[in-house]
Amino acid sequence: MGDFIKHPVVDMPERMPAPAIEADKLVFTDDEKKQMKTWVSRYPTADGAIMRGLWLAQEKFGFLPPEVIQLVANEIGIPYANAYGVATFYTQYFKEKKGKHVLDICTCFSCQLCGGYDMLHYIEEKLGVHKGETTKDGLFTIQEAECLGACGSAPMLQITNGPFVHNLNKEKVDALLDALKEDKIPAFTSVTLPQDEDEMGGNRRSDVSSIESYSVRPVSETLS
Amino acid sequence: MPKITLDNDTFEFEGRPKLLQFCLESGVDLPHFCYHPSMSAPANCRQCLVEVGMPQINRETGQPNLDESGQPIIQYMPKLQTSCSMDVADGMVVKSHRSSELVKRAQKDNLEFLLINHPLDCPICDQAGHCPLQNQTYKHGPEGSRFEFRKVGKPKHIDLGPNVVLDGERCINCTRCIRFTREISKSNQLTIIERGVKNYPMTPPGVEFDEPYSMNVIDICPVGALTSKDARFRARIWEMSKTASISTVNAKGSNCYYWVKDNKIVQITPRTNMDVNEYWLADEDRLDYHKFNDNRPTGPSISGAQVSWEAAYKAASDCLSGVDGSRILFLGSATATVEDNYLLTKLAAKVGASTPMYLAHRKEGHGDNWLRTDDRTPNAQGCERLGMKVADVAALKARISNGEVDVLHVLEDDVVASGVCTAAELAGVKVVLHYYNTTNETLSAADVAIPAAMAVETVGTVVNEQGHAQRLRPAKAIADVNRTLSMEIGKCRADRHGTPFDKWYEEANLINCQPGWVSLPGIASGLGLELNYKGPRQIIEELSSSNDAFAGLSYEGMGELGVRLSEQGVTA
Ligand code: SF4
Ligand code: FES
Ligand code: FES
C-alpha cells in the first residue's frame, strides 16, 4: 500500500489504447493453440483455463496488453471482458511492458517490520528509479508487493514471478543486482527451519538443492 | 408439506426456493444488495446474513433430539449464513434481525464496511430517495462512521457507453451490472477490474457499453454508481410522479413507469411483468419520450386557423357528411388505442365507408425476439382484432392520385411521412387529421386538424404482438384535466400536498388536446351518431360482448399486468 494510504486514488486504464503488439505478431502457434485446447478440456467450463492461457501469453509476449488478453479469450472461447477482469485482478499478470527483471519487494506487515521499506528504498536509490518504474536500460522494474507468503525469512523479494530471495540485506541486494545484470537468476531456495537443522541436512524438500538457514529476523532501520 | 420457521412464525413451502427470496415473499424484509431474483447469487455483499439452524438429529434413531419441553433441539450453524445463496430446507429455523441481536449487529457492521469508501454525496446523487444503500442504512445502519482516513478515489463521471454514466466511488461491487451483461443481455461488455479497494466495473479497453439494453443496469444498481446520461440531474425522485403504464415504442408492450415533472415526461423506467418484459426495458423504450413534450399542438384548427373544439368537430362532421361513403377513406392507427380505433370503425360504418385500414410502421430486422420488435407501433394486433387491415401503400397512393378519394380521415398517423402521398397531392381532398405533434407532415394539408392525446395522456387498451392486452394510463395531464381529480394519474408529493402556488400548477405544459374517445364522439354527433360512452372502460365492455376477439376483456381483468388474448378473447 504505502503511498496509496496517503493518496488513495485509483487510476483508470486507457479505454481506447493503441495496440502495443503488431497485428502480424499477434498470433499463437499451432502448438500453443493445442496446449490451450488441452487446458480447456480439463475444466467443466472454458473459464477455468483462462489463467493458464494468460500465463502462456505473458511468457510469449512479455506482458499482456488488451489485444493479447482478447486473443487469449478468443482462443479459449470466453468473453473478452471476463478475461480482462481476471488479468487485472492478479498483479502477477503484467498489463504493461516491464523491465527484463521485475523485482517485487515485499513491504507487507512482517517484511515492513524487518526492513522491507529499507530494502525497497535501497534498491530504488541504487537503480535510480522509483517503485512502479523501469530503469532506462530496460533491465529492472521495481514493484512494491503485498505479503508473498515468506514472512519467516523477511525481508524478501521475488524475481519476475519466479524465485524468492530471502533474508535480504544490502550486501545481498548488491550481489543480486550484479548477478541479474549478467542474467544469472538465483535458483529456487528453500529456507530451513531451526527444528529441521539436524535432520535431512536441514532440507525437507528433496526437489531443491539450494538452501538457506533460518536466522534471527533483522529490525527495520526506522524501528531500531 | 415441508415447513420452515422464520422468527417464530412457521411457513410451508414448495420446491427449493432460496431463503432470501422466500423471506421476501413471506413478508420478512431482509436487507440485501447483490441478490436479484433473475440472476445467479454470488453472495458478495454480505448484507443478507441470518442465523440458520436445523433440528439436531440423533444418529442412532434418525429422529430429532428433543429438549425437556419436547421441542426439537436446534443446532445453529456456527457462523451467520447468506440467505440469498441458501436453499430452504424442511425443519429449518431462521432468525433474522427481527429476533436476533447478532444479525442486527452484522447488518449494521456490514453497512459500516460498505460505507467506508462510499462518498457521502447523497445531496447531489440521482439515486438519493430511491437508493437501497441509503434506505437500508437508515433502517439498519450505524449512526456514524469510525473511518478516519481518506476515502479511496476512483474514476467518476465516466461514460461507459452512450447511455450509462459510471461513478466508480459509489459502487459497492455487488456485480449486478456485470451479471446482467453476462447472464441476461449476454453482451458481456462489463467486468469488474482490479482488486480489493481498487475495484470497480468497467468495459475492457476498446469496448463501449453500447448494447441495446444497457440502461437496465441503472435500475438494478443498488447505489448511484450507474446513472442515466439522459435523466441524471434533471429531477429528484420525490419531485416526480410515476404512473404505471405501457411503453408504446414497439409492439412488445413492455410495462413501464412514466415519470413526470412539471407535467413533462422526464424518464421512463421498467415495471415488472413476468408475462411480458420481466424486469427489463430496452433503451429505445426509455429514450423516445421527447415526442410527448416537444412540438405539441396548441389547440384544434381549421385550415391552420385556431378554432374552438366545437367548431373543429362541426367542421370535421361537415367534411364527412353528404359525401358518398365509397369516396371517404378512413385510416386508423396502430399507435392509437383499441377504443379509439373502434370508435373510428363505427364512424366509418355510419357514413357508409369501408372499414378503416391502418399504416404499418415496421423496421425489418430490428427485432431481437426479446423486447424489441420489427413493428414500431404498440397496437397493430389491436387493430387486426377490430377487423382493420394493413393498408397497401401503393394502392392508397393510386386511389388518391386517381382522384377516387374526396375525404381522408386520419386517426393519429402521418400519411405524408409514410409515403402514401405528398401534401400537394392532397390539395383536392378534404383531410381530417388527428395528430400528436406539429412535426406531422400531413398537417399542412389538413382541413381540420384535431390535436390528439398521446399514450401518456389517455386511457385505453393496446394489444401487443403476442396478444397481451394491457392498459394505458395517463401519466401527465392535458388541458381541462385536473391532475388530482383524475384518479388514473400517478401522484407525486406536490399533487398530494402542493398548493396552487407551487410550480407544479403551472399551466404552461398542459397540452390542449383531446383523446380519441372524446374527439371522435364529438365528430360523430354532428353526423347523427351518438357515441355516448362514459369512457373507454365502457367501450371495452361493449367490445368484449360484441367482438369475439375481445371476449371476456375488461379493465378490472387487465389490471396492471394485462391479460393474454387468444383468437377467441381472454385465455383462461
Ligand atoms: S456499479 Fe452498481 S450494479 Fe454494478 S457492481 Fe457497482 S454497485 Fe453493483
Ligand atoms: S510480509 Fe513479506 S512475505 Fe509476508
Ligand atoms: S444478498 Fe446475500 S450476500 Fe448479497
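In this text, all values refer to a predicted model and were calculated from it rather than measured experimentally. Convention: sequence-line order gives letters A, B, ...; per-chain numbering from 1.
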Side chain to side chain donor-acceptor pair (under 3.5 Å), paired with B:Tyr213, selected from B:Asp285, B:Thr181, B:Asp283, B:Asp368: B:Asp368
Polar side-chain atom of B:Gln136 near backbone of B:Pro31 as donor-acceptor pair, under 3.5 Å: no
Contacts with chain B made by residues 26-56 of chain A (heavy-atom distance under 4.5 Å), listed by residue number: none
Main-chain N/O of A:Phe94 paired with A:Gln58 side-chain donor or acceptor, under 3.5 Å: yes
Closest-packed option against chain B by number of heavy-atom pairs under 4.5 Å, given A:Glu14, A:Glu67, A:Met16, A:Arg15: A:Arg15
Sub-4.5 Å side-chain heavy-atom contact between B:Ile184 and B:Trp280: yes
Close side-chain approach of B:Thr227 to B:Asp167, heavy-atom, < 4.5 Å: no
B:Ile192 versus chain A, the contacting section by heavy-atom distance below 4.5 Å: backbone
Top contributor to chain A contacts, counting heavy-atom pairs under 4.5 Å, from B:Leu190, B:Ile158, B:Ile178: B:Ile158
Residue among B:Arg182, B:Glu169, B:Glu208 with most heavy-atom pairs under 4.5 Å to chain A: B:Arg182
Within the 6.0 Å centroid threshold, strictly below: B:His36 and B:Tyr279: yes
Heavy-atom donor-acceptor pair, B:Gln127 side chain to B:Cys221 backbone, under 3.5 Å: yes
B:Asp87 side-chain N/O to B:Lys18 backbone N/O, donor-acceptor pair under 3.5 Å: no
